[in-house]
Amino acid sequence: MKVNSVKELLALEGNGEEVCVEGWIRTKRDSKEVSFIAVNDGSCLSNIQIVVSKDFPGFDEIDSRLVNGASVSIKGKLVPSQGKEQKVEIIPITIDIVGDCPADEYPLQKKRHSFEFLREIAHLRPRTNTFGAVMRVRNAMSFAIHKFFQERGFVYVHTPIITGSDCEGAGEMFRVTTFDLNKIPKNEGNIDFAQDFFGKEASLTVSGQLEAEVYALALKKVYTFGPTFRAENSNTSRHLAEFWMIEPEMAFCDIHGNMDMAEDFIKYILTYVLDSCPEDMNFFNSMIEKGVVDNLYNIIENKFERITYSDAIKELEASKKDFEYPVKWGMDLQSEHEKFITGEIFKKPVIVTDYPKEIKAFYMKLNDDGKTVRAMDVLVPRLGEIIGGSERENDYNKLLKRIRELGLNEEDYWWYLDLRKYGSAPHAGFGLGFERLIQFVTGMQNIRDVIPFPRCVGTLEF
RNA sequence: UCCCCUGUAGCUCAGUCGGUAGAGCAGUUGGCUGUUAACCAAUUGGUCGCAGGUUCGAGUCCUGCCGGGGGAGCCA
């Protein structure tokens, strides 16, 4: 017999049709004549109610086993509910307890748990309302990302996880080696990486950008969407050691096209989630962050503010606000400044461009003033920076000069420089932290609660 | 890595001036009721994060370590 998802069943009228549902018991409420069992199978936030008469054959044997957490397979008739909270319910014909769940040991109770506690039981937390909703929204957003780019002719490029270049420059890297760590080969006192698996130092990628540029300068519009690793000792609600990043890269595109793409992209994803996950989004709106849905509609309906770094500095100075870090042209924007610009001054997403070259990466295109580069950061209220991108330097000599100025080893960049030597073209792209976007969409406070198994400093239990 | 807060029952927390431990929820038992985080009653449950120290006596005061949270830095 076909197994129906709870989501499917709740969309039906309940004309007494025979149905089958498989899932986990969330609650059981007993009444004189009947027991009410709420079953959830993860297909949606709602449970389906099973109404078991106490005359049900064998009820006495199964009654004590129908407890929170047990997995069940139930066949029965779908009928309109007599209760108010649900449209339909199942009158069972057979009830199979697939897996028992000892009620005195099961950590999940039918009450609200703290997210800190749930992190300690990461193997069970997907069975809660919040984590089910987070994962369904995460799934919808993943799909929307591919849909957005595919509809626009982008090619999905799988950039490598293991990288030999330590020149990506975006942070501390995890080492990859097959050395026996108790017997590391040495050559004149130094570690002899020539004997390691790849014959040179290897790490986990901190960004697919440089490789994405290679493919953009052949396929024109590409994007990556995959895991990224940073070995930073950062301990905040916005950082993970392993996270997912989206990095589009477009040839024959300047910073303005890049900004348009970033804005369209965010609005598309938000629209898709609001359309496809209304139940989960209502849950976040009422239980996690009041007003989050209206905020998202606000973002979709309004143009992002675009402002240069220099003008942003002027705005901050004009605000006369007493910042912990004093505002001065040339400094990097601190969290407090970013949150003030987006949350207080404009009250909507803001794209800040043309930062001083000293505070940005070597590959960003130098402006004619010689002082600023064509960087763009998208700042959103509450979170701050969600996207970092730029038009890339496509002039061979300017890029080489910048590499030398910064004391980087130009030999490490030979293939990257080649791109500017052979048929160079203006190109631009950006990186977006997927989990931060999920935080923004759901209102979840801690990034560790929007990824199935968070990897952070000092934590690797699951 | 830095600053601040915090660690007491399975969970969420209270515990006064230092005098040997408490509530709600969950579990268990019983009752009631087409219930909706069901309700009512009884009841089980503690090496007070760990290790030292002060004291006649430490959940409470002091020191160190460990875990958790918030903020900062770094960044996405």
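Please read all numbers here as calculations on a predicted model, not as lab measurements. So you know, we letter chains A, B, ... as the sequences are listed, proteins then strands, and number each from 1.
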* Asked: Heavy atoms under 4.0 Å, any strand shown: does A:Arg26 hit a base, just sugar-phosphate, or nothing?
  ->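 Result for A:Arg26 = nothing.
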* **Those residues that, when tested against A:Asn295, pass side chain to side chain donor-acceptor pair (under 3.5 Å) (two or more places apart)** =>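 Result, side chain to side chain donor-acceptor pair (under 3.5 Å) vs A:Asn295: none returned.
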* Asked: Who pairs with A:Lys357 by side chain to side chain donor-acceptor pair (under 3.5 Å), at least two apart in sequence or on another chain?
  ->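 Side chain to side chain donor-acceptor pair (under 3.5 Å) check on A:Lys357 returns nothing, list empty.
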Could you list the protein-to-nucleotides 28-33 of chain B atom pairs, N/O on both sides, closer than 3.5 Å?
{"unit_1": "B:U33", "atom_1": "N3", "unit_2": "A:Asp30", "atom_2": "O", "d": "2.9"}
{"unit_1": "B:U33", "atom_1": "O4", "unit_2": "A:Asp30", "atom_2": "O", "d": "3.4"}
{"unit_1": "B:U33", "atom_1": "O4", "unit_2": "A:Ser31", "atom_2": "O", "d": "3.3"}
{"unit_1": "B:U33", "atom_1": "O4", "unit_2": "A:Lys32", "atom_2": "N", "d": "3.3"}

* Asked: Without hydrogens or angle criteria, can the side chains of A:Glu247 and A:Ser207 be said to hold a donor-acceptor pair below 3.5 Å?
  ->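 Checked: A:Glu247/A:Ser207 side chains pair up, N/O donor to acceptor below 3.5 Å.
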* Pair A:Gln86, A:Ser46: side-chain N/O donor-acceptor within cut-off below 3.5 Å ->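 Looking only at side-chain atoms, A:Ser46 and A:Gln86 do not form any donor-acceptor pair under 3.5 Å.
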For RNA chain B, the residues among [range] that have a non-hydrogen atom under 4.0 Å from it:
range                       : result
residues 257-270 of chain A : none
residues 335-350 of chain A : A:Ser335, A:Lys339
residues 126-134 of chain A : none

* **Base B:C75 to side chain A:His239, donor-acceptor N/O within 3.5 Å cut-off** =>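 Between B:C75 and A:His239, which were checked side chain against base, a qualifying N/O pair under 3.5 Å is present.
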* To do: Tell me, yes or no, whether the heavy-atom count around A:Tyr215 atom OH, taken from other residues, nucleotides or ligands under 6.0 Å, exceeds 12.
  =>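 Not buried by this count: 12 neighbours or fewer within 6.0 Å.
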* For the pair A:Glu242 and A:Phe229, evaluate side chain to side chain contact (heavy atoms under 4.5 Å, CB included) and give the outcome as yes or no after the intermediate values. => CA-CA 5 Å; A:Glu242 178 183 299; A:Phe229 307 88; 3.3 Å; yes
* B:G34 P sits how many Å from A:Gln82 CD, rounded? ->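 In whole Å, B:G34 P and A:Gln82 CD are 10 Å from each other.
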* **Verdict with supporting geometry, A:Glu249 and A:Arg392, salt bridge (charged side-chain N to carboxylate O under 4.0 Å, His left out)** => CA-CA 10 Å; A:Glu249 191 74 29; A:Arg392 322 304 189 189; 2.8 Å; yes
What protein N or O atoms touch nucleotides 44-47 of chain B N or O atoms at under 3.5 angstrom, if any, and at what distances?
none

* Using the test side chain to side chain contact (heavy atoms under 4.5 Å, CB included), find all partners of A:Lys303 that sit at least two apart in sequence or belong to another chain. =>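 Scan of A:Lys303 (side chain to side chain contact (heavy atoms under 4.5 Å, CB included), adjacent residues dropped) gives A:Glu263, A:Arg306.
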Which atom pairs, one a donor and one an acceptor, fall under 3.5 Å between side chains of residues 138-149 of chain A and the rest of the protein, sequence neighbours left out?
{"unit_1": "A:Arg138", "atom_1": "NH1", "unit_2": "A:Glu435", "atom_2": "OE2", "d": "3.0"}
{"unit_1": "A:Arg138", "atom_1": "NH1", "unit_2": "A:Val450", "atom_2": "O", "d": "2.9"}
{"unit_1": "A:Arg138", "atom_1": "NH2", "unit_2": "A:Glu435", "atom_2": "OE2", "d": "3.0"}
{"unit_1": "A:Ser142", "atom_1": "OG", "unit_2": "A:Arg138", "atom_2": "O", "d": "2.9"}
{"unit_1": "A:His146", "atom_1": "ND1", "unit_2": "A:Tyr223", "atom_2": "OH", "d": "2.7"}
{"unit_1": "A:Lys147", "atom_1": "NZ", "unit_2": "A:Glu151", "atom_2": "OE2", "d": "3.0"}
{"unit_1": "A:Lys147", "atom_1": "NZ", "unit_2": "A:Tyr268", "atom_2": "OH", "d": "3.3"}

Please table the atom pairs, donor to acceptor, closer than 3.5 Å between any side-chain atom in residues 324-332 of chain A and protein atoms at least two apart or in another chain.
{"unit_1": "A:Trp329", "atom_1": "NE1", "unit_2": "A:Ser310", "atom_2": "OG", "d": "2.8"}

* Asked: Which comes earlier along RNA chain B counting from the 5' end, the contact point of A:Arg448 or that of A:Leu333, where each point is its nearest nucleotide?
  ->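 Checking each residue's closest nucleotide, the 5'-ward one belongs to A:Arg448.
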* Starting at the 5' end of RNA chain B and moving along, which residue's nearest nucleotide shows up first, A:Tyr325 or A:Arg119? ->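 First, find each residue's nearest nucleotide; the 5'-ward one identifies A:Arg119.
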* Classify the ring geometry between A:Tyr309 and A:Tyr355 as parallel (under 30°), tilted (30 to 60°) or perpendicular (over 60°). =>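 A:Tyr309 vs A:Tyr355 ring planes: tilted.
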* Lys/Arg N to Asp/Glu carboxylate O, A:Glu18 vs A:Lys75, below 4.0 Å ->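 Salt bridge: no.
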* Runs of at least three consecutive pairs that involve RNA chain B, where pairs are Watson-Crick or G-U with distances under 3.5 Å ->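 Looking at RNA chain B, the stems formed by three or more consecutive pairs are B:1-7 with B:66-72, B:10-13 with B:22-25, B:27-31 with B:39-43, B:49-53 with B:61-65.
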* **Counterpart residues, ring-ring contact (aromatic ring centres under 6.0 Å, His included), relative to A:Phe323 (two or more places apart)** =>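 Partners of A:Phe323 under the ring-ring contact (aromatic ring centres under 6.0 Å, His included) test: A:His337, A:Phe340.
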